[in-house]
Each structure stands twice: as C-alpha cells, then as structure tokens.
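Working notes, structure below.
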Amino acid sequence: MKNAGFCFGLFTNEAHGLPKSKSPFKTKLLNLHNISLIRNALMTKQNNIRFSANIAIISGAFALLVAFLLLLNYWQLHHNDPIESEALKSLVQRLSDDPKNQELKEDLRNLDLLARKAYFSSLWQIKTGSWLLLIASIVFVVALRFYFSLKSEIPLPEQSHQNENIERVLSHKWLLAVSLIILLLAVLAGFKSKNYFEIYESKKQIVADIHEYPEIEIIEIAEENSNTIIKVSEKDNFNNDSALPVKPEVRKKEMSEEKKSEEKRIEPEENIETIKKERAPVFPTISEIKKQHNCFRGPLGQGISYAKNIPTDWDGVSGKNVIWKVNIPVHGYNSPIIWGDKVMLAGGNKKTRLIYCYSKDDGSLLWQHKVTDIPGSPAKTPKTTDDTGLSAPGLTTDGQRVYGFFGNGDIVCLDLDGNRLWAKNLGVPDNHYGHSSSLICWKEKLFVQYDTNKGGKVFALNVLTGDFIWQVKRNCRISWASPILAKINGDYQLILSSNPIVAGYNIETGSEIWSVKCLMGEVGPSPAFADGIIYAANEYAKLIAIDSDNSYKTLWEDNEYMPEVSSPAVSEGLLFIATSYGVFACYDAKTGEFYWEHESPNGFYGSPMIVEGKVYTLDMEGIMYIMEVSKKFNLIAQPEIGEETTTTPAFSNGRIFIRTNISLYCIGKK
C-alpha cells in the first residue's frame, strides 16, 4: 500500500511539473507509463485515420457514381433527341396531310404527355443528382483533409524509403485530379443538358391546327379540288420562306400564282399588319359580359346580374315553373355559369373530374369533358372534406373558351364545343378542407387566387396558351375566397380577400397597388365593390368598408353580423350580408348604419345576388328569400326548390339556374 501511495504521489508530482526523482525504479516506471500513453495515442490516431480514410473512400466512390450517372444521363439525352424521333416525324407528316384527323391529334396529345413526363423525370434526376454530387464532394474533401492532417502528425518509421513516400503522394494527387475532372464533367453535363420540353413545345405549335393552338392559321393555296394545305405561323414574316416545306408541284403553282398577281400584291409590311389584325383574338367587352353570367356571382364576380324578367314564384317538388331539371352525375360545389345558350358547371371526386355543358333551352347534355392526362397531375388525389371536395372552384368563360380548376391543382381550357385547348397542373394546393377559389378572366388573362397553407399567391395565365403572364407571392395565409374585378380610377383591379389582408393588384403587371390588414381566421367570403368602396368580411373578424377614393382608408367597420362563407353584395347604397347561422342583414353601404335583419331557420352558404332591384338569397335547405332592395325589410316571395343546396344561383333573361347537391334546375315562367 505504501508503494502504491508512493507511485501515485510520483505521477501526481510529475503531472504537476514537479522535479523528477533520480531513482532507477522511478525512471523505469515512468518510461513504461510514457510508452503506454504513446501507444494509446497512436492507436487513437490510427483509428481516426482509418475512419477518415473510409469516409473519404465511400464519399468519393459515391460522388464518382453520381457523376457517372449524370454523364450517362447527358449522353442519353444528347444522343436520343425526342424531337427527331421517327414517331414524331411520322405524326408531323401525317397531320400535315390530314389536319382534321382527330385520331392523329389525340396521338399528338399522348406524345406530348410522354415528352412532358420524360422531361420532368430527367429534370428531377439532374437536380437531385447535382445536390447529391455536391454533398458527397464536400464530405469527400473534408474527410480527405482530415486524413492528411492526421497522417502528417505521425512520424514515419526510420526504415521507410523516400521513394515510396513520393510515389504515394503522386498517386494521391493523380487520383484526386481524375476525380475532380469527372466531377467537373458531370456538373458541365448538367448545365449543358438540353431542355427538350421547350423545344418540343415549339415544335408542337407547328403541327397543331388553328382550333387547338390559336396562333396557327391554315391557308389554302391549292386548287379547289386539291387537299394540299400550307400551315403558316403567326411568328413568321409571312414571306416566301415562312411556310413549312410542301410538295414541289404545289410550290410551283404557288409561285406561278404569285407571279401573275405581282402587280396587284400588297406590300409585305401592309400585308403583315392586315393579317395580324384579322388574326388578333377578340375578347368580349364589359357590355357583352353584363349580358351573360360568366363566372361565380355574375359579371366581374360582384354579385349583380343584369338579366330581366326574373321569376319570383316556383316550387321544385310540384314542378311549378320548373322548365327542366337534370341530375348531375358527379357532384361539385361550384355554381353554374351561363354564356349564350349554354349552361356549364363541373363535378369531381377521387375517381374522375368532369365539366358539363347543358342546353339552356331544354336541359339536354350538349357535351361533357373528362379532365384527365394533365401534365404534372398527381397520381394520388389530395384529401378534402365532404363540404368542399375536389370541385368547389367555379368555372369562368369569355364566350370563346371555358376554364375549370380542380382541388388537385389541374386547370383546363376548353372551347365551347368541349374540345381541350390546353391544360396544366399548378401544383397540389396544400389545403386542409380543399381548394375553393373560383376563376375569373378578363381579356387575355385568366386569374387564379392560390392561397394555401404554404402562403398566398395569385397567377395570371394567358387564356390562349396557359402560359404564366405573371405570378405574385402574397403576404398572407390560406384563403377560400374568390377574386373579383373592380374598376377603380379608370383601371380594373383584381381584388382579393384573405387572412390578414384585403388587397388590390394591377391586372397588367400583378403588382400590389394597396392592402389593408383587417381580417383573421379562415376567410371564405369574397369581397364586394360599389361606388368606389371595397367591402370585406369574415366570421370572428369584422365587416369593413375601404374607401378607394381616400387612399384606401377604412370608411367604417362593424362586428355584429359576419358571414362564414356567403359573400356580401351591394346595390343602391345598401350592403347585404347572409350568415351561416341564418341571419340576413342590411346596412347603409357608405356609413355602416344598420337597417334591418331577417332570420331563417337554416343557414346561408350561397351568396346574395342583386337582380332587378331585388335580392335573391338561397339557404342551405333550398329556400329562396326574395327581398326588395330597400332600407325597410320587404319579403317579396319565399319559393322552395325542395333539395339541399350550398351554391349561388345564376341568372339569364327570364330564367334562374339553381344547382342543388344532386340536380340542376332551370326556373322560368311557363
């Protein structure tokens, strides 16, 4: 025990820098201890060196594998151009010879879908591979650096030869150089990979006909009995070189005809302007739109219809003044829209999504379009609640095309005969109930309010092509409201409600003109507009009036009656509100003074509509409350449809169109 205490004291003293003892026993014991420490240190360093070497080898091998795959992907794309495929060449030739062949057009659409899928798959591979390559390279460099730093700290044995050391260093350098070259080639291949999707899009425009792609025109130049045609692109210069190659005999005939009429021919510049004017798309004016019911809540989405001779008396159970009724095969919560003699709406579930078009006169099904094969559409439909579903957003139309949007992010454009013009997926909305914001269009722009759990956005798409004209990120959270258009100070603005802002956007650029932070909660009601004042409301928040003529200051606000889903409507200086708990209220639109209320045993989800000096409001049991637009309450009629409904009615001269949970009714005077 004494010896043990003595040894402990010895080590303690030496550890504290005290003088060493001269005793041989102490010296020998010290040497043994030092050797043990050195051996342990060397073993620890050797383990670290071995660990760092293994990490460097694994990460380096992984990086080389990823680099090899990226290079292989580049080589495959470079040597297998999908645009030059024999299948596409064959389709181009056959469609040029027979441009009205619907089967060929369908084949072209399928080829388009395959090209898009291949492109997005390749794009994902390149992006993912690049990130993996970068991460593996960083790990490799760090591990290699750690390895060499540890190696440099260990003295080489005396018997090691200098030549062996030099060879080892040179081999490491060569290995590192070759690895870097491969990595650089892989990165270069990623950047140099062609975007065949864009090339394919431009090629596809050449082979499509005028009905599928409006920028293409078909000009017949052959004789009366000839079927040969030339397709000319709007982007061409309309000279002799602008057309696609045609048969030699047709080309000779064309040149002969040009030579005969050379003196009478219009100058090229004038010809270009004439053709552009003839080919320019025509959009409806505001006066033409007011004659229709082209979107949710009527013209501009403002809750006002300009239809005449609207009935006030009907009964859905007995059939009184029910002109026709049809069952809707696939349910949806969107309200019907009307243009001319067509009534359109949509339906959707996990299995299918459809757009229906019915005859306004007799209810016959004119066409239905199944929305499928959308590029980028998710294989698995998102989860939605029963009161929203996958087809809550309302359709819109400009009289030439109809546009639909669904809860899985699919957006589609059809002509009024039900033929698809374009379609795309905007991304699956992150929404715990389901997406419900309706579409609205103005001239060449289709507007989409896209407020989700991931933040707010608003898009403007080109109605002819589906391309983005602009897209703006919004400083807001999720919303179920729909956009409206309002003419303020001579220009139209796109006005949106959400949590926490109500805001106006420049329809040409998408820039935010103004915003007022005033709402909260789950915003469902859309805004309203009249006489320069914007109105917004939401349950558990407030009802607010914003004056556009006074730098968008708050004119007044109230928190007595607030809607949960139903949107406000304004007419003749009066503001009308319908709540989900069954109260219908009237305010002074400019001062906020409360005038009257009327209670229903059922709540309101459908929005009030102003027609011919009356307010039409449909409750959830299918009872329509028709009241006079007045400071005093005057209930004109209370007809019933006999079925549950949560939608907003659409109006046309002499007719009302009501969508219930299972049917579409046309109401009119018999």
Side-chain angles (χ1 to χ4, degrees), residues 289-299 301-328 332-346 356-364 394-397 438 566-567 569 571 576 578 584 600 602 604-629 634-670:
I289 289 176
K290 286 183 176 180
K291 296 177 182 178
Q292 311 294 336
H293 196 104
N294 73 319
C295 65
F296 172 58
R297 299 172 67 214
Q302 294 182 4
I304 298 175
S305 173
Y306 300 89
K308 305 294 182 184
N309 302 317
I310 302 302
T312 58
D313 183 26
W314 64 84
D315 182 72
V317 177
S318 66
K320 179 182 179 181
N321 284 336
V322 176
I323 296 178
W324 54 261
K325 168 192 172 183
V326 295
N327 290 330
I328 308 298
Y333 287 103
N334 55 87
S335 302
I337 64 169
I338 306 167
W339 192 281
D341 61 348
K342 296 177 171 65
V343 182
M344 292 165 282
L345 41 77
Y356 301 100
C357 178
Y358 295 92
S359 168
K360 187 176 72 174
D361 296 327
D362 59 16
S364 59
L395 308 175
T396 189
T397 179
S438 298
S566 177
S567 304
S571 179
F576 299 96
F584 191 86
S600 163
N602 314 302
F604 296 96
Y605 268 20
S607 300
M609 289 290 301
I610 310 294
V611 194
E612 291 188 303
K614 306 179 189 69
V615 187
Y616 287 72
T617 307
L618 193 63
D619 74 11
M620 286 187 277
E621 292 297 321
I623 302 173
M624 182 76 81
Y625 293 85
I626 306 174
M627 294 156 284
E628 183 182 357
V629 176
N634 179 18
L635 181 63
I636 297 172
Q638 194 172 305
E640 299 184 24
I641 202 68
E643 295 179 13
E644 293 181 351
T645 178
T646 57
T647 63
T648 300
F651 298 83
S652 183
N653 287 338
R655 305 284 177 91
I656 303 176
F657 297 88
I658 299 173
R659 179 180 191 166
T660 69
N661 289 348
I662 57 175
S663 308
L664 175 64
Y665 285 81
C666 174
I667 308 297
K669 297 177 181 178
K670 286 187 177 181

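Values reported hereafter were calculated over all heavy atoms of this structure, with side chains retained and with hydrogens, waters and symmetry mates removed. Note that the structure is predicted; figures quoted are calculated from it, not measured.
Proximity of a side-chain donor or acceptor of S652 to a complementary backbone N or O of R655 within less than 3.5 Å is not detected. Using a distance-only test at 3.5 Å, with no hydrogens or angles considered, no donor-acceptor pair links the side chain of W324 to the main chain of L664. The backbone N or O of T396 lies less than 3.5 Å from no partner atom in the side chain of N294, so there is not a single donor-acceptor pair. Although no hydrogens or angles enter the test, the distance criterion places a donor-acceptor pair under 3.5 Å between the side chain of T648 and the main chain of S607. Formation of a donor-acceptor pair under 3.5 Å by the E612 side chain with backbone atoms of N309 is found in this model. Remark: side-chain polar atoms of K670 are not paired, donor with acceptor, to backbone N or O of K320 under 3.5 angstrom.
No more than 12 heavy-atom neighbours from other residues, nucleotides or ligands sit within 6.0 angstrom of NZ on K291.
Contact check for F576 versus T617: no side-chain heavy atoms found under the 4.5 Å cut-off. Residues E628 and I636 have side chains in contact (heavy-atom distance under 4.5 Å, counting atoms from C-beta outward). Between M627 and P608, the closest side-chain pair of non-hydrogen atoms is not below 4.5 Å. Using a 4.5 Å heavy-atom threshold, the side chains of I667 and I323 count as separate.
In this structure, I338 CD1 and F657 CZ are separated by 4.5 Å, a value rounded to the nearest 0.5 Å. In this structure, NZ in K614 is found 8.0 Å from CD1 in I626, a value given to the nearest 0.5 Å. To the nearest 0.5 Å, atom CG of residue D315 and atom CD of residue E640 are 7.0 Å apart. Considering CD1 of I337 and NZ of K342, their distance stands at 12.0 Å, rounded to 0.5 Å. Here F651 contributes atom CZ and Y616 contributes atom OH; the two are 6.5 Å apart, rounded to the nearest 0.5 Å. Between S566 atom OG and R297 atom CZ the span is 8.0 Å, to the nearest 0.5 Å.
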Could you go step by step and tell me if M624 and Q638 meet the side-chain contact (heavy atoms from CB on, under 4.5 Å) rule? CA-CA 5 Å; M624 182 76 81; Q638 194 172 305; over 6 Å; no
I658 and W314: side-chain contact (heavy atoms from CB on, under 4.5 Å), yes or no, with the steps? CA-CA 12 Å; I658 299 173; W314 64 84; 4.2 Å; yes
Run the numbers on Y356 and V326 for side-chain contact (heavy atoms from CB on, under 4.5 Å), then give the verdict. CA-CA 11 Å; Y356 301 100; V326 295; over 6 Å; no
Y625 vs F604, ring-ring contact (aromatic ring centres under 6.0 Å, His included): CA-CA, chis, key distance, verdict: CA-CA 11 Å; Y625 293 85; F604 296 96; 5.7 Å; yes
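When every heavy atom of H293 is checked against every heavy atom of G298, the shortest pair comes out as NE2-N, 3.3 Å. The shortest heavy-atom contact between N661 and Y333 is OD1-CE2, 4.5 Å. Taking each heavy atom of N334 and T647 in turn, the nearest pair found is O-CG2, 3.9 Å. Scanning all heavy atoms of the two residues, the minimum distance from N327 to S663 falls at OD1-OG, 3.2 Å. Smallest separation of non-hydrogen atoms from K308 and N653: N-OD1, 2.9 Å. Nearest heavy-atom pair, G642 versus V317, reported as atom, atom and distance to 0.1 Å: CA-CG2, 4.1 Å.
The only option from T646, L618, I641, L345 that meets the side-chain contact (heavy atoms from CB on, under 4.5 Å) definition with R659 turns out to be L345.
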